[in-house]
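Here is the structure we will look at, set down as structure tokens.
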Amino acid sequence: MRLMIAGGGGFRVPLVYRALTAGPFAGLVRELVLFDVDPLRLAAISAVLSSMAPSGGAASSGHSAPAVSTTTSLAEGLDGTDMVFAAIRPGGTAGRIADERVALGLGLLGQETTGAGGISYALRSIPGMLELAREMKRRCPEAWLVNFTNPAGMVTEALVPVLGSRVIGICDSAGALVHRAARAAGAPLPEGKLDGVGYYGLNHLGWLYRLESGGKDLLPGLLADAQALAGFEEGRLFPQPFLQSLGCLPNEYLYYYYDTVRAVGAIRTMRQTRGESIHEQQSGLYPALAAAGSRAYELWDAARRSREEGYLAEARTGGEQRDEDDLAGGGYERVALGVMRALSGGASAGASGGASGRGAELILNTPNAGAVPGLPADAVVEVPCVVTSDGAVPVPQDRPADAQLALMQRVKEVERLTVSAAVHGRRDDAVRAFALHPLIDSGERAVELLAGYEAALPALRLLWRGGPETGKP
């Protein structure tokens, strides 16, 4: 199989390569093509991959490592490709800083994928991803697109009209929550199996509401056990009495909705935003990686660990440290490769090679098709899916509780307005999306936000077909 990674100079690409050279995914890919518009980033990541074998820590698996090539030509990268992974960031880390700082400057949450920053990020991501999807239709129409370009749910929804069922969105946070909760409840799940799991939501906005084992739902007992909850990240994010009254475990990003004041306050007291920290790290790191020779993997891995330590730091105001499992790396690439394996015909194997008689079972972003009652059938949701060579089929879930469904419906409308703004160049829809978001909830703030993002990100103004004043096509 030939796999192309769009955003091939991305920081986490070595995690994909590492998984392809050892363990259950070894031998799946014969050719790995890294496509990126930045030659320096390609050179840096190529140096990391070269130093991983044999001295970079990739264990021998009996399979040949994929042949790696790089290109700055999208056409060259797509020709003959069977599978595309996409993780692009238009505007780079500087764009992420703007996403965060414009919102914070107005007293609002400044976060990469949630709230105002997520809308701004989507407005930049969707046009480039549409270009990729349309080029795929021309050059490799039978290829699958596995999307982890953020915000993954919105981007995937924008691509479905172009690629139909051949685009699947992924994120590792929902699956990680399920597996951590199952371990804490004393019933760990095999990779690629979700029997007895109830989970519904949108990307970065979901809840684990059932965790069955042996015919018994273990979730109520877990929610009543403060000590067990303290043993994993999501359990520590929220007070135990709150979780017990809620009756489910929220995705970690619900912290921004359930404790907004504390989240914004914590971010504003930090010396740097998350984007500024990553921008500072990467500005010096990429040139160093390109010149590091055999030490490139070691240098990259140290930077990766430092980056993981700072993840969601605003929620750990009591000095808590992330678990060693969280710092070890890995997660989204296992989901992506589990999807790829099932799509390519390995339907009897789970995400880490475990048996699954009906296909790989993973939490993915895909059109609802009735899986979550109360949301439109064509809305992209994040739910357990069964993946075979025919694609991903969402598994029906219970109807969400009223408060959760109302939040999902409102955020989904925000997402659809954002997609409309990006796809059709409708500035008015962008303003409406900002105004409707529950973390903004203000028409006045919406106008100020969009004006602020246009000033910080001049390319955004080019999106509006009717001009920046009206946005009307």
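Just so it is clear, the structure is predicted and the values come from calculations on it, not from any experiment.
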Exercise for review: Give a yes or no on whether the backbone of Gly391 and the side-chain of Trp144 come within a donor-acceptor separation of less than 3.5 Å.
Suggested key: no

Any ion pair linking [Y] and [X] (charged N to carboxylate O, less than 4.0 Å)?
X: Asp79; Y: Arg139; answer: yes
X: Asp428; Y: Arg426; answer: no
X: Arg427; Y: Glu454; answer: yes

**Study point:** Cation-pi check, Arg96 onto Tyr121 ring (under 6.0 Å, within 45° of axis)
**Key:** no

Exercise for review: Mind jotting down which residue pairs meet the salt bridge (Lys or Arg N to Asp or Glu O under 4.0 Å) criterion with at least one end in residues 122-133? Sequence neighbours excluded, please.
Suggested key: Asp99-Arg124

Exercise for review: State which residue, out of Met136, Glu135, Arg134, fulfils the side chain to side chain contact (heavy atoms under 4.5 Å, CB included) condition with Leu132.
Suggested key: Met136

**Study point:** By ring pair (Phe, Tyr, Trp, His ring centres under 6.0 Å) - contacts of Trp207 (at least two apart)
**Key:** none

Determine whether [X] and [Y] make a side-chain contact, defined as any pair of heavy atoms from C-beta on separated by less than 4.5 Å.
X: Phe434; Y: Leu417; value: no
X: Gln397; Y: Pro384; value: yes
X: Val13; Y: Leu34; value: yes
X: Leu20; Y: Met340; value: yes

Side chains of [X] and [Y]: is there a donor and an acceptor less than 3.5 Å apart?
X: Glu100; Y: Gln111; value: no
X: Ser173; Y: Asn251; value: yes
X: Ser420; Y: Asp429; value: yes

Check your understanding: Can you tell me how far the CG atom of Leu189 sits from the CZ atom of Arg183, to the nearest 0.5 Å?
Key -> 9.5 Å

**Study point:** Nearest-0.5 Å distance, CD of residue Glu112 to OG1 of residue Thr273
**Key:** 10.5 Å

Exercise for review: For the pair Tyr253 and His204, name the ring-plane relationship: parallel under 30°, tilted 30 to 60°, perpendicular over 60°.
Suggested key: parallel

